[in-house]
Each structure stands twice: as C-alpha cells, then as structure tokens.
Trainee: 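Let me give you the structure first, and then I'll get to my questions.
Because the structure is predicted, anything quoted here is derived from the model rather than measured. Here is the naming used below: chain letters follow the sequence lines, and residue numbers restart at 1 for every chain.
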Number of protein chains: 2
Amino acid sequence: MIHRERVTPPHHIYPPDEWNYIEKQFTPQYLAMTETIFSTGNGYLGMRGCFEDGTPVVQNGTFINGFYESWPIIYGEDAYGFARTGQTIVNITDSRIIKLYVDDEALYLPRAALLSFDRRLNMKEGTLDREILWETPSGKQVSIKSRRLVSFEHRHVAAIHYEVTLLNASAPVVISSEMACDQSGQTGGDTGDDPRKARGFQHQVLLPQMNYTDNRRIVLCHRTNHSRIMLACGIDHHIDTECPHTHKSECSEDSGQVVFSIDAQPGKPVRLTKFMAYITSGTASSEEVCARAGRALDRSKDDGFGKLLTGQKQYMDDFWKRSDVEIVPDPEKAEKTTVEIAQAIRFNLFHILQASARAEGTGVAAKGLTGQAYEGQYFWDMEIYIMPFLMYTAPRIARNLLIFRYSTLDKARERARELHHKGAMFAWRTINGEEASAYYAAGTAQYHINADIMYALKKYVDVSGDREFLHKYGAEMLVETARFWSDIGFYSDRKGGKFCIHGVTGPDEYTAVVKNNAFTNVMAKENMRYAAMTVESLRNDEPDVFQSLVHKTGLEMSEVKEWTKAADNMYVPYDEETGIHLQDDGFLDREKWDFENTPPEKYPLLLSYHPLDIYRRQVLKQADVVMAMFLHGDKFSLEEKKRNFDYYDPLTTGDSSLSSCIQSIMAAELGYIDKALEYGKYAALMDLADIGGNVKDGCHIASMGGTWMIFPYGFAGMRDYDGRISFKPRIPERWHKLRFPLTIRGQQLVVDINRESATYLLREGSELVIEHEGEEIKLSKGVPVTKKLTYT
Amino acid sequence: MIHRERVTPPHHIYPPDEWNYIEKQFTPQYLAMTETIFSTGNGYLGMRGCFEDGTPVVQNGTFINGFYESWPIIYGEDAYGFARTGQTIVNITDSRIIKLYVDDEALYLPRAALLSFDRRLNMKEGTLDREILWETPSGKQVSIKSRRLVSFEHRHVAAIHYEVTLLNASAPVVISSEMACDQSGQTGGDTGDDPRKARGFQHQVLLPQMNYTDNRRIVLCHRTNHSRIMLACGIDHHIDTECPHTHKSECSEDSGQVVFSIDAQPGKPVRLTKFMAYITSGTASSEEVCARAGRALDRSKDDGFGKLLTGQKQYMDDFWKRSDVEIVPDPEKAEKTTVEIAQAIRFNLFHILQASARAEGTGVAAKGLTGQAYEGQYFWDMEIYIMPFLMYTAPRIARNLLIFRYSTLDKARERARELHHKGAMFAWRTINGEEASAYYAAGTAQYHINADIMYALKKYVDVSGDREFLHKYGAEMLVETARFWSDIGFYSDRKGGKFCIHGVTGPDEYTAVVKNNAFTNVMAKENMRYAAMTVESLRNDEPDVFQSLVHKTGLEMSEVKEWTKAADNMYVPYDEETGIHLQDDGFLDREKWDFENTPPEKYPLLLSYHPLDIYRRQVLKQADVVMAMFLHGDKFSLEEKKRNFDYYDPLTTGDSSLSSCIQSIMAAELGYIDKALEYGKYAALMDLADIGGNVKDGCHIASMGGTWMIFPYGFAGMRDYDGRISFKPRIPERWHKLRFPLTIRGQQLVVDINRESATYLLREGSELVIEHEGEEIKLSKGVPVTKKLTYT
C-alpha cells in the first residue's frame with residue numbers, strides 16, 4: 001500500500017533529456033538534494049555534487065569506499081555479545097574547490113547575475129558538466145564551462161576541466177584551486193534524531209601526517225585516528241591560455257591552494273585542468289602513499305584531460321551496451337510519468353555504476369559514495385538488491401563483491417564463536433567485516449544476512465557459470481553458513497517435529513526478534529540445501545577441491561546429512577484458515593496498525609513511534625513474505641502468492657526504500673499491472689523525486705538496484721531459478737517498448753518487448769536456451785526469435 | 001532450580017552472634033565484600049564500611065539517596081521514544097577518614113601487627129564498632145576503639161567516636177581527621193562488562209562551590225555538574241583527653257583535614273568524636289547549604305556522641321520490637337544453616353532499615369546506599385519486595401515511598417504522552433522520575449511497573465487502613481494507570497475476543513518483548529479492577545473527593561466501564577494440554593535451555609550469552625508466573641499452582657537475586673518444605689554468603705525484603721488478599737520456633753509458631769480478625785490464641 005504522495009515536484013526541465021539529468025537554473029532551496037543527485041564517483045572514489053565555486057555547501061562530501069574511522073560503541077545498558085566497534089566512512093580531503101574572481105569580484109552563485117545556467121549529469125559520457133554565463137556587477141560577461149569526472153579507468157584519479165572566457169572586456173582573473181580537509185562536522189552536520197544518518201565523531205578523525213607543494217602540485221597526507229588508515233590526496237594543474245598568467249602555491253596541514261592570476265582578454269579562453277589523486281593504505285607509510293599519489297598525478301597530467309575523457313566515454317559506451325534499459329513510451333499515449341521513468345531508470349543505473357564499478361576489495365555502501373548515512377556500511381542490500389544487476393551486466397564486479405565477503409569469513413567465524421554458534425555469522429552491517437550494529441534487534445538478529453549472501457553466491461554461480469569461484473571461495477562460505485543454520489535452529493515437537501528458528505528478525509524491521517520468520521526460514525532452508533548439494537557434487541566430481549574444503553573447514557559428512565535433514569524439515573509458518581504464509585509465528589495475533597488514524601506526516605513510522613508500538617502491531621516497513629515469494633518463487637504456488645500479496649500489501653508502509661521495487665515485481669507477476677507500475681514509479685523516482693524526503697543524505701542505491709529488477713523481473717517476468725532463464729512479459733499499455741540486454745554465462749541476450757510480442761536475440765555467444773511463457777526456445781547467435789504475449 | 005552452589009565459605013566466626021555480625025581478623029581478600037556488609041546508613045545518608053584508617057579501600061562510597069548526576073544516554077542506533085537522560089547516584093565527599101600515627105608510624109592494617117581484632121556490625125544499637133590492639137614496630141601497644149553511626153534520629157548527621165590508648169609507653173600520637181571529594185572513579189572503578197554496575201562519568205561531576213575551616217570544623221560545598229544539585233559536607237570534632245594536645249585545620253576545594261597532635265601517656269585514653277553533616281538541595285545557594293550543615297554540626301556537638309548514641313539505641317529498640325523475626329533452632333537438631341539463617345534474617349532487616357528509614361521524598365535504591373550498582377536507581381523492587389516489610393512494620397515509611405511515586409506522576413503522564421499512550425507510564429528505572437532505562441526491552445517494555453506500584457498501593461491501603469492516602473494520592477494514580485492499560489491492550493478475535501497486551505516484558509528478563517505475559521496481564525487486570533472499584537466507591541461515598549479526582553484527571557465514567565470490561569475479559573495464557581499458565585503466548589514453543597551442558601561458571605547466563613540466545617529458549621532469570629501466583633494467589637487453584645511451579649521451577653536459574661525468595665514462598669505453600677528452606681537459605685544468605693558473587697557492588701535490598709517475606713508469607717503461610725489476614729503455618733523440622741510481629745491497621749499482632757501449634761497475640765490494639773487454616777479467629781488485646789497445625 002502506498003500511504004504517502006510525497007513526490008517532490010520536479011524542479012527541472014520537462015520533458016527530461018534522455019541521457020542527461022539537467023538543471024536549468026541555480027536553485028539554492030534544493031542544494032542538499034542536488035549535491036546528492038549530481039554526485040560523481042567510480043565505486044572507489046566519490047564526490048558529492050557540490051559546486052566548484054565558493055557557493056554554499058550544505059553537506060560536503062568526498063569519500064573513499066571502505067575508508068572508515070572506528071569508534072567504540074557505548075551502550076547505556078550493555079550485554080554479552082553486543083557489537084563493540086562502530087565504523088563510519090570518513091568525509092575526506094575535499095579537492096574539488098575552484099574559486100573564481102574577476103576584477104576581484106568573487107563568483108558566488110547565490111548573488112551572481114547569471115545570464116544562463118546549465119548543469120547536467122552527463123550519463124552518456126560519465127561527467128558532470130556545467131555552463132554558465134555570468135555578468136559581473138560592472139557588466140563584464142564571463143563564460144564559465146566546467147566538466148568534472150571521477151575516472152572509471154583510473155580509480156584513484158578525478159579531474160575538473162575549467163574554462164573561463166571573458167566575452168566583452170578584459171579583466172584581471174584569479175582562479176584559486178584549493179583543497180581542504182575539514183575536521184569539523186565529519187558527518188555533515190547534526191544527525192538529529194534520525195537513526196539512519198551517520199553519527200558524529202567526538203574526536204579528531206584525520207591526523208595530519210605530511211604535506212608539501214611542488215610547483216602547481218600540492219599533496220596532503222592524513223591518517224585516521226583509531227582505524228589507522230593512511231590517506232594521501234594530491235592535486236596538480238595544467239593551464240592553457242594565450243593570456244599572460246602567473247601562479248603561486250601554498251599549503252598547510254589541512255589545506256592547500258594554487259592561485260592562478262591571469263590578465264584575461266576578451267574571447268581568449270583560460271583553460272585550467274585540475275587533476276586529483278587519492279591513495280589510501282592500511283599498511284603503507286605516509287611517504288609511500290604520497291609518492292603513489294604523485295605518480296598518479298604525473299601520469300594523468302601526461303595524458304591530459306582529453307585522454308581521461310576518452311577513456312571515460314569508452315567505459316560508458318561499454319556500460320550502456322551491457323546495461324541500458326530502454327523504455328519507449330507509446331507515442332500516442334506518451335505522458336509525463338513514463339517519460340520520467342524512462343530517464344529515471346538510466347539515472348538509477350548510472351548511480352549503481354558510480355557506487356560499484358571499481359569497488360575492489362570492498363562492498364557497496366547503502367548510499368554508495370554519495371553520503372555518510374548508514375555510516376557508509378555494507379548491508380544485505382548489496383547481495384539482494386544490487387548484485388542481480390551486476391550479475392547480469394558486469395559479473396566481474398559481482399564476483400569482486402562476493403570475494404569481499406569471503407575476505408570477512410574469518411571475522412564471521414570469530415563472531416559465531418563469540419556467540420557460541422557453529423560456523424560463521426556474517427556482519428549485519430560492517431565496513432571491515434566486524435559486526436557494527438549497535439541495535440541487535442534490527443542487527444545481529446537479522447541472521448538472514450548469512451543466507452542472503454549465499455543466495456547471491458548461488459545466483460552468481462548460476463548466471464555466470466563461474467564454478468572456479470564456487471570452488472575457491474563459495475564452498476567454504478556455504479559450509480560455514482549451513483553449519484550456522486543447523487546449529488541455531490531446533491526440531492520442535494510442537495510444530496510436528498519441524499525445524500524451527502527462533503529469536504530472529506527478518507528483513508521487515510517493523511517486527512523484531514520473532515519465532516520462525518518465514519523469509520529467514522525459507523532462505524536458511526535453501527542455504528543448507530545448496531551447501532549440501534555443493535559438497536556432494538564436489539565430493540563426487542572434484543575430489544581435490546573437496547579435500548581442500550575438508551581441510552579448510554574440518555567438514556564431516558554427517559554434518560551434510562544434518563543440513564539436508566534440517567532443510568527437508570524446515571518449518572514455514574502458514575495459516576490454514578486464511579491460507580497465507582505468516583511473516584512469523586505470531587503475526588496474525590497482533591493488532592492491526594490503525595492506518596486510518598495515522599496522518600501522512602507520521603511516516604516513516606520509525607521516526608514517530610516507539611519500536612514497541614510498531615512491533616506489537618501488524619504493520620510492515622517492507623515486503624518480507626512477499627520478498628521470499630520473489631526470491632524463491634518456485635517454492636510457492638500462484639494462489640499462495642496472490643493470497644499472501646493481497647494480505648500483506650495493505651499492511652506495508654513502504655517506509656523502507658527497499659519495499660516498492662519488490663512489491664512492484666510481485667504485483668506484475670500477479671497481473672496487477674497498474675499497481676506494478678505505481679510501485680515501479682515510486683522505486684524509480686525514489687531519488688529524483690525525493691520520495692523518502694532524505695535524498696540529501698545520499699542516493700538509495702538498493703532501491704536503484706531494485707528499480708533495475710523491476711524491468712527484467714517485473715515487466716519482462718523473468719525468473720532464473722537455478723540459472724534457468726524464463727520470461728513471461730507483460731508491459732503497461734502506455735509503453736510502446738521495453739528493451740534490455742542481459743549477460744548470461746558469458747553470452748549476451750537482448751530482450752525486446754512490445755505490447756504484442758517479445759523478441760529474444762543472442763547478440764553475443766553461441767547458444768542459449770530460455771523459456772517464454774513456458775515454451776522452451778533455443779537461441780543461436782544473431783538470430784532473433786519473436787513470440788506473442790498472452791495476457792492472462 | 002538451584003544450579004549453583006556458590007556459597008562463599010563464611011570467613012567469620014561460628015556460631016554467629018545473635019545481634020552482631022562479627023569479623024575477628026583483618027581479611028584483605030574480602031575487603032570489597034566487607035565494605036558492603038559493614039555499611040552504615042539511614043535511608044538518606046549511607047557510608048560503605050571502609051575502615052577509618054588509611055587502609056586500602058576497594059570501593060569507597062558515601063551516598064545520599066536521590067543525590068544524582070544526570071547524563072545524556074547515547075545510542076549507537078537511536079530510535080523514537082528511547083529514554084534520553086541517565087541518572088546515577090554520586091559518590092560524594094568522604095568524611096569518614098581518621099588516620100592514626102604513633103611515633104610517626106602510620107596505622108596501616110595490612111602491615112600492622114594486630115594483637116587482637118574485632119569488628120562488628122552492632123545491629124542492636126545501630127553502630128559499626130571496632131576494637132583492635134596494635135603493637136607498633138617498636139613494641140608499643142596501642143588500643144584503638146571506634147564506633148561509627150549514621151543517625152536515624154538526625155538524618156543529616158553521622159558520627160565516629162575514636163578512642164586511642166597507649167597501654168605500655170608514652171608516644172607522640174597524631175590523629176588526622178580528614179575529608180575528601182574524589183573526582184576520579186566516580187563509580188568505584190572500571191565497570192567491565194557487567195551491565196548491572198554503574199557506568200563511569202566522562203566529566204567532572206562535583207564542581208567545588210566554596211569551602212572553609214573554622215577551628216576544628218571544615219565545610220566543603222560542591223554542586224553536581226549537570227543535574228545542578230548542591231551539596232555541603234561538614235565535619236567538626238570534640239577531643240577529650242588528659243594528655244596535652246594541639247590541632248591544626250586546613251582545607252582546599254576538594255579536601256580538608258584537622259590534625260590533632262597529642263603527647264600520649266600510657267593508660268590515658270584520647271577520645272575524639274568526629275561529627276559529620278550532609279546537606280543537599282536542588283534550589284538553595286551554596287551559602288545556605290553550608291549554613292545548614294553548620295547548624296547540624298553545632299547541634300550534634302552540643303548534644304555530644306552520647307546523646308546521638310542513646311537516640312540510635314532507642315530507634316533500634318523500637319525497630320526490633322516492630323520488626324524482629326526470630327528463629328529458634330531445635331536445640332537437639334541445631335545445625336549451622338539454621339543458626340546462620342537466624343542471624344542472616346536480622347542482618348537483612350537491619351539493612352532494609354538502613355536503606356529506607358529516612359528515605360523521605362525519595363525511593364529506595366536497588367542497592368540501598370551501599371553501592372552504585374544499578375546507578376542508585378529505583379525499580380519495582382521497592383514496591384514488590386521491600387514495601388511489604390515496611391507496610392507491616394513501619395507503615396509511615398511505606399507511605400513516604402508511595403508519595404515519592406506520586407511526586408513523579410506528572411513525569412509519568414508526560415512519558416505516556418510522548419509514547420502516544422493514555423494515562424501515565426511510571427519509569428522502569430529512575431531517580432528523578434524520568435525514564436532512565438537505556439535498554440527498552442528490559443526497561444520501557446516492563447510496563448508492569450505501573451501495576452506493581454498500584455499493587456503496593458492497594459496493599460498499603462488494605463494493611464494500614466489509610467484511606468486518606470487513597471483519596472489524596474492513590475485514586476489519581478489508579479485512574480492514570482488504568483487508563484494506560486486500557487489503552488495499550490486490545491480485544492483479539494483470535495483469542496476469543498479477550499483483552500490482550502502485546503509487546504511487553506515481564507519480571508523475568510530472560511524473555512523480552514512478548515505477547516500476553518501472564519504476570520503483566522494478571523497485574524494489569526487487578527490494576528484496572530481496583531481503579532474502577534475505587535472510583536465507584538468514591539463516587540458513592542466521597543462525593544467531594546470524587547469531584548476533585550474528576551477535576552484533576554478529566555475522568556469520565558465511560559472510561560471506568562472500559563476498565564471493568566478489559567479487566568473482566570483479560571486474557572491469561574493457559575495451555576490446556578499441560579494445564580499450566582504460560583509465561584507468555586509462545587513460551588512452550590521455545591526450545592528448552594540446555595542446562596546439562598551449561599557449566600556453573602556460565603551463570604548468570606546474562607554475562608555469558610547474547611540476549612537473543614537467552615530469549616529464544618525456555619529459561620527463566622526469576623519467578624514470573626510463580627510470582628503472579630504469589631501476589632494474586634486467590635486467582636489460582638492449588639492444582640494450578642502446583643503444576644505451574646513444577647513446570648517452571650526447573651527452568652528458573654535464579655540468576656536474579658529476586659528469584660529465590662518467591663520460589664521459597666511458593667514452595668512452602670505447596671508443601672515442598674525442603675525446597676522452601678533451600679531457597680530460603682539462598683535468599684537469606686544472598687549477601688552474607690555472597691551467593692551472586694557481587695556483594696562487593698552493594699547489598700541486594702530487594703532480596704532482603706524478599707527474605708522477610710519468606711517468614712510470614714512462606715513458613716507462616718500468611719496471605720492478605722484484600723487486607724484479610726490468614727495463616728497456614730508449616731515450619732521446618734529443624735526449627736523449634738518462628739516468631740515475628742506484624743503491624744496491621746495500627747494494631748500489633750505477634751505470631752509465634754512452633755512445630756505443633758501457632759499462637760496469635762494482639763500485643764497492641766483492640767480487636768483483630770484473622771484466619772488460621774481456614775478458621776476465623778477474633779483476637780482481643782493481650783489474649784493469646786493457640787491453634788494446632790495440620791501438615792497436609
């Protein structure tokens with residue numbers, strides 16, 4: 001159910017541009033929001049879209065994925081096994097600043113007379129572009145064009161090309177290119193009462209280590225105080241102009257500036273390129289990270305902005321070829337929402353790319369690199385919401401993320417030992433692998449994280465065919481998670497001897513610490529089943545791999561039997577009378593939430609009601625049983641799905657941004673196309689229309705991944721149980737066409753759907769078997785197959 | 001079930017003295033424990049039993065009831081409605097220090113050659129007495145006798161009488177009487193991981209306001225930093241000796257000393273009396289509190305130690321007359337345990353007195369004034385465990401405590417409003433009335449606190465007959481708590497339309513946030529029922545009081561109907577198959593705790609297992625259903641009680657010190673006399689034998705109150721439903737006699753039980769109707785009635 005109509009009126013142009021998200025005027029009232037939306041990043045380095053100029057900044061932010069500070073979690077009342085060490089992504093040295101002075105008048109957007117203004121997130125080329133025409137108080141017209149990019153090719157490098165041209169007069173021009181490491185407000189201001197925002201630090205986080213200037217270059221080096229990670233940030237410059245100019249560089253511990261003074265002449269552009277390099281290391285010395293930053297600057301400067309830009313374009317071309325989802329509105333029925341969604345889907349995919357592309361050795365944070373909310377930590381979002389897109393468009397990135405999880409396996413084993421459980425417990429929220437959840441009821445109790453990771457692992461192996469990954473990393477994780485599940489549950493006489501799991505919290509955080517959360521039990525069952533299957537198949541087919549696995553895990557085959565037995569006997573709560581699966585044992589016993597007397601401003605409920613008040617009622621933050629029915633749809637009949645959806649949907653507030661996309665997909669499966677579209681709109685416009693009212697704190701990357709899923713899984717009706725790809729498309733009337741590519745076991749499938757038929761083309765590869773509405777189709781490269789759609 | 005045999009071997013003499021708790025040698029290994037046990041206090045002011053001399057102190061502590069510092073509760077992950085302000089009792093200026101030097105040799109107990117040693121808590125006279133004979137390295141023998149008291153008569157005053165006599169030589173003697181306000185380690189050292197201990201402060205708590213010396217007097221004044229309460233502590237001295245002497249006084253912001261130098265001669269005692277006065281105020285100026293401390297010192301000094309001592313003795317005589325519980329062992333079967341219990345019961349009663357006697361305008365803290373554990377806060381202990389003793393021996397104190405709760409009613413109303421509930425929510429833990437629980441699952445969720453207070457209120461009115469209290473304070477609290485219950489529950493179709501209460505935690509904190517906790521529902525039912533009854537009776541019989549109540553609460557009679565309806569329809573979970581009441585809806589669905597594989601050192605479980613692990617199993621920290629069967633025994637049949645007890649007892653760890661006493665009482669009711677005695681022993685010796693291993697952190701005042709209850713309620717089988725007093729005594733074979741007085745509606749009943757019969761004597765009053773084994777007995781003053789006992 002959608003309880004709110006919170007869509008902020010778009011303040012940008014209409015109709016939207018296909019490939020650019022464009023802002024045609026300076027709108028200070030939306031500054032915090034546009035800082036998020038115009039963020040640039042590459043999955044390693046991210047910069048919020050603050051203007052270069054000395055314009056007011058609401059939430060500044062430059063982030064490196066996994067660059068965090070740790071802090072001891074303090075509990076008013078402590079208990080055994082509570083998480084000990086919080087981790088928060090650090091807002092690091094800001095290198096974007098370029099201040100412009102003409103006739104000693106500063107360009108200050110809120111007060112500047114702007115004859116024209118155009119800022120655009122250029123999703124085709126991967127840049128943030130701005131063109132403005134400024135008339136100074138004395139009537140001099142100044143054209144300022146800038147392009148900013150965070151390089152996908154060179155993940156440590158970013159650059160700004162800044163071009164200033166006086167149009168109608170001469171004037172002394174000063175361009176001050178600056179960098180600053182701000183020690184105040186590490187989390188971008190007061191967090192207020194919103195638990196989703198990052199906490200502030202009580203101590204100085206970045207300790208200066210060294211700094212130097214060298215001609216037009218400045219390098220600042222800091223180290224985090226507690227987590228002891230080294231950071232070097234360097235800037236260097238190339239200036240190209242016919243106008244006479246000089247420069248001067250200086251720096252201190254926490255700041256630096258290179259000031260160019262130019263006698264600018266009309267019509268003669270001043271072109272400044274600012275190269276930025278960021279290096280971090282948990283082991284290297286300050287000298288070493290500074291030297292590495294210097295080398296990255298050397299290389300970038302040698303290449304020049306042009307080459308960086310070319311590389312960026314190539315990367316983007318490749319990305320869109322693998323990933324683009326095209327919606328073509330019916331030209332006769334073209335209306336605003338569809339056009340907006342068509343743009344929004346690209347915006348969403350572009351931001352997933354920016355959050356994940358070069359995330360090597362780290363995860364993908366809930367907000368990507370666009371904000372510090374949720375502390376920059378990694379959650380289940382990554383596996384369940386973001387990875388499907390990656391698996392089907394960039395399996396290498398999906399693999400890297402799974403390897404990151406593998407790198408935390410020892411910490412997960414340690415955590416399990418601490419809590420007297422067998423196997424491994426992956427952290428519900430973390431940066432460095434240690435559990436960082438300070439509220440166990442919606443943290444440690446979300447054991448489903450274990451099964452979520454294994455679900456993604458299986459899907460990755462199924463979709464990519466990468467069995468080497470399974471052998472090298474996957475099997476070990478499967479063994480340890482299956483062990484955990486088999487240990488934490490028990491066979492209950494009161495449930496006919498079934499295997500029950502108590503004291504857990506499912507994805508829906510509006511109930512907590514329950515018995516037999518259906519989602520968790522279904523996921524745990526499949527986790528154990530797949531683990532047993534994997535072990536058996538290794539034992540039979542890969543004796544060396546099997547031996548090594550036994551060696552690494554001390555596995556005994558009796559354990560594998562235990563997993564199978566538990567999986568076969570897993571209890572999934574079901575109510576005979578209503579014919580629905582219960583979110584948890586006692587779900588129906590709860591009082592229903594009084595939606596009628598809950599005014600819109602009380603949403604999200606978590607900001608207006610005590611957890612106890614929420615927990616004791618039938619009310620959902622997000623799809624939970626519905627989610628299980630999506631992830632393991634082959635375990636539920638269509639009638640069950642319908643009954644469950646019909647029961648839970650009206651109880652679902654969608655207070656979580658993870659909700660709408662899943663509701664949309666399941667609505668589509670059930671033939672509720674209007675509802676699917678409505679939920680789809682909410683998911684797709686989550687950030688551009690600021691549905692949650694908190695875009696200022698960062699993009700909702702999981703919802704973005706979910707938005708992608710809406711198209712293949714929702715409207716194209718794709719399912720991929722055990723890697724078998726099937727479709728049952730049904731697209732809204734107002735759409736003319738839906739088109740998207742999928743990478744499947746190294747081959748590339750293009751799916752092209754209109755209202756009447758679907759065409760499947762194997763663009764790359766040799767042969768692929770898929771299913772369309774239950775009919776098997778064998779595709780050969782280059783031969784499109786078209787099939788009619790049945791709307792039942 | 002008793003899982004542990006943790007009784008620390010008593011290091012004191014045997015057989016125990018009837019009226020003194022005696023230590024016959026200096027035992028540094030038990031220092032922290034004996035500092036607690038030898039504490040002195042009067043309910044307003046408390047001093048841990050640290051030695052006067054410069055002997056090592058493990059946990060120093062001087063406390064004033066309700067004198068607290070507040071601190072913001074920080075949550076790693078915050079949420080709406082979480083408690084905001086912690087409150088912790090402050091370790092204040094220590095005035096007990098008296099250092100002794102003979103020939104410039106310091107008396108330092110760990111190194112001193114002690115020819116004799118005797119320290120005793122003199123429970124007959126209310127003093128802490130010590131006599132030692134010290135031989136200095138040069139062979140001089142020094143007799144040192146001291147008596148310390150915290151006055152019951154003058155609650156702001158304490159005194160130490162310190163007498164030094166050289167026996168066999170002359171020597172220069174220096175007595176340095178000191179005071180110190182220690183700013184470090186406000187909570188007595190590191191709290192480690194034990195959540196029951198007080199947290200440390202991060203800031204300086206006591207800010208110096210003023211200080212002065214005046215002859216042999218010193219006054220130091222401080223103010224708490226955040227809560228802004230003023231404290232003056234003054235000392236003054238009287239010296240009495242034939243030996244020549246001089247003195248010198250000096251003080252600084254946080255310390256002061258008066259140093260007496262004496263030419264001591266053999267056989268001539270030096271008698272020093274140190275008077276101490278403590279004044280606190282939330283409104284007065286530093287000058288004013290200092291002046292008040294000065295006046296208290298003037299008066300004490302004028303009276304002298306003798307008069308203080310006489311007052312103390314009189315108070316104690318009166319106390320024991322009203323309160324003493326005598327157990328006389330069967331002389332033929334006299335064995336250690338019984339003798340120890342006989343002493344322990346006096347020790348327990350004496351400490352309840354020390355925790356509560358002059359608690360005026362405050363509550364009684366979990367540890368009384370013997371330690372900072374549990375932050376010095378007030379819990380339900382006060383009403384359910386401590387107040388029964390007070391109601392039956394000192395109703396005025398019980399009344400004061402209830403009036404303290406009344407003084408927090410407005411804050412309770414505010415808290416209810418904040419959480420969108422009607423009526424009032426009393427704080428689960430607090431000093432100033434504001435909720436201070438930083439862990440809502442075992443805090444705010446323990447709504448039963450509301451009903452607990454109302455239970456005590458009803459019992460107080462029934463036992464004291466004080467209807468004026470009911471009119472002036474009680475009715476208003478009843479209305480607001482009944483409102484709360486009626487608001488928080490709902491009528492559930494799935495429970496046959498019964499009134500259910502979800503999302504609560506009962507007294508047993510080993511399950512949390514459950515549906516229909518039986519204890520809570522039974523208590524809430526009676527809360528509403530009594531509220532409705534009271535309102536109806538006021539409306540009929542006391543129209544003015546009724547009008548005033550309506551005026552104060554905006555009461556409407558339709559509400560009263562709602563309460564009655566909810567009470568009449570209250571759901572109490574019951575399992576038909578086993579015939580037991582369920583601690584909560586899903587209790588039987590849980591896996592049983594694996595006691596067999598839980599080694600003794602893992603108790604208490606809360607220090608070794610994550611809450612989730614405990615919550616998901618059938619395991620109890622303390623009696624819960626069993627508790628309900630005690631408090632509302634007339635609502636359960638004997639068969640039900642037996643089945644419930646038999647089911648829950650083996651699951652009850654007794655990890656809470658509140659458990660054993662209730663198990664003992666119910667065991668007695670069910671005729672399990674051995675078990676009753678065994679549990680009784682654990683309750684009675686909780687502190688003296690350090691059952692919980694944490695006596696060092698303070699006395700278990702609630703268990704002490706529970707220990708008292710074991711005798712009238714357990715072995716004498718007293719029940720007092722609606723104020724009707726009945727007995728069904730059954731005492732253990734090895735006891736010869738059990739004898740105790742009870743104050744009932746202003747009259748005094750003495751109950752005297754031996755193995756064969758019970759004798760009831762109305763010592764004061766005119767007429768009292770009681771019941772013995774179902775037979776009604778009308779007692780007249782001074783006429784004992786003896787009845788045979790039936791052991792069925």
Side-chain angles (χ1 to χ4, degrees), chain A residues 71 73-83 86 191 193-196 199 418-421 436-445 447 488-492 494-495 500-504 512-516 585-586 588-591 605-617, chain B residues 71 73-83 86 191 193-196 199 418-421 436-445 447 488-492 494-495 500-504 512-513 515-516 585-586 588-592 605-617:
Chain A
W71 42 275
I73 305 176
I74 304 294
Y75 297 92
E77 289 176 46
D78 206 341
Y80 181 88
F82 278 10
T191 66
D193 280 344
D194 190 339
R196 300 166 300 180
R199 66 197 292 288
E418 182 192 358
L419 300 190
H420 312 295
H421 298 308
S437 171
Y439 177 59
Y440 74 82
T444 297
Y447 303 122
I488 203 157
F490 71 107
Y491 293 93
S492 166
R494 302 197 26 119
K495 302 287 184 193
C500 291
I501 306 176
H502 284 188
V504 309
V513 192
V514 297
K515 301 190 182 82
N516 292 313
D585 270 6
L588 290 185
D589 294 335
R590 297 194 179 93
E591 192 178 8
L605 302 180
L606 65 95
L607 296 188
S608 304
Y609 296 90
H610 193 285
L612 284 168
D613 245 348
I614 297 173
Y615 294 169
R616 70 162 60 91
R617 292 200 167 75
Chain B
W71 42 276
I73 305 176
I74 304 295
Y75 297 92
E77 290 177 45
D78 207 341
Y80 181 88
F82 278 11
T191 64
D193 280 345
D194 190 338
R196 300 167 299 183
R199 67 197 291 287
E418 182 193 358
L419 298 190
H420 312 296
H421 297 308
S437 169
Y439 178 58
Y440 74 81
T444 297
Y447 303 122
I488 203 157
F490 71 106
Y491 293 93
S492 166
R494 301 194 30 115
K495 301 289 183 193
C500 291
I501 305 176
H502 284 188
V504 309
V513 191
K515 302 190 182 80
N516 292 315
D585 269 5
L588 290 185
D589 294 335
R590 297 195 180 92
E591 193 178 8
K592 285 195 180 175
L605 302 179
L606 64 95
L607 296 187
S608 305
Y609 296 90
H610 193 285
L612 284 167
D613 246 349
I614 297 174
Y615 295 169
R616 69 162 62 90
R617 291 200 169 77

Trainee: Rounded to the nearest 0.5 Å, what separates atom CZ in Arg617(B) from atom CZ in Phe490(A)?
Mentor: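 The distance works out to 8.5 Å.
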
Trainee: In chain order, what residues pass the side-chain hydrogen bond (donor to acceptor under 3.5 Å, both in side chains) check against Asp585(B), with sequence neighbours excluded?
Mentor: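 Per chain and number, Asp585(B) pairs via side-chain hydrogen bond (donor to acceptor under 3.5 Å, both in side chains) with Asn516(B).
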
Trainee: Can you name the nearest heavy-atom pair linking Pro611(B) to Phe82(A), along with the distance?
Mentor: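 In this case the closest contact between Pro611(B) and Phe82(A) is CG-CE1, 3.6 Å.
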
Trainee: Considering only heavy atoms and a distance below 4.5 Å, find which of Ile501(B), Leu588(B), Leu419(B) pairs most often with chain A.
Mentor: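 Counting heavy-atom pairs under 4.5 Å, the top option is Leu588(B).
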
Trainee: Side chain, backbone, both or neither: which part of Arg494(A) has a heavy atom under 4.5 Å from chain B?
Mentor: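 Contact with chain B: side chain only.
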
Trainee: Is Tyr615(B) close to chain A through its backbone or its side chain, or both, or neither, when contacts mean heavy atoms under 4.5 Å?
Mentor: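 Contact with chain A: side chain only.
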
Trainee: With a 4.5 Å cut-off on heavy-atom pairs, point out which of Ala445(A), Ala512(A), Ala438(A) contacts chain B the most.
Mentor: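 Winner by heavy-atom pair count: Ala438(A).
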
Trainee: To the nearest 0.5 Å, tell me how far Asp78(A) CG sits from Leu607(B) CG.
Mentor: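 The distance works out to 10.5 Å.
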
Trainee: Run the side chain to side chain contact (heavy atoms under 4.5 Å, CB included) test on Glu591(A) and His502(B) for me, step by step, so that the C-alpha distance in whole Å, both residues' side-chain angles and the decisive distance to 0.1 Å come before the verdict.
Mentor: CA-CA 9 Å; Glu591(A) 192 178 8; His502(B) 284 188; 6.0 Å; no

Trainee: Taking Ser437(A), Ala441(A), Gly86(A) one by one, which has the highest count of heavy-atom pairs under 4.5 Å against chain B?
Mentor: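 That would be Ser437(A).
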
Trainee: Within this structure, what is the NZ-CG distance for the pair Lys515(A) and Asp589(B), rounded to the nearest 0.5 Å?
Mentor: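 Those atoms lie 5.5 Å apart.
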
Trainee: Side chain, backbone, both or neither: which part of Leu605(B) has a heavy atom under 4.5 Å from chain A?
Mentor: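 Nothing of Leu605(B), per the 4.5 Å heavy-atom cut-off to chain A.
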
Trainee: Find the one option among Ala442(B), Ser608(B), Ser492(B), Gly443(B) whose heavy-atom pairs under 4.5 Å with chain A are most numerous.
Mentor: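 The option with the most such pairs is Ser608(B).
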
Trainee: Compare all side-chain heavy atoms of Thr444(A) with those of Leu612(B) and state whether any distance is below 4.5 angstrom.
Mentor: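 Of all side-chain heavy-atom pairs linking Leu612(B) with Thr444(A), at least one is under 4.5 Å.
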
Trainee: First locate atom CG of Asp613(A), then atom NE2 of His420(B), and finally report the distance between them rounded to the nearest 0.5 Å.
Mentor: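 Here the interatomic distance stands at 7.0 Å.
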
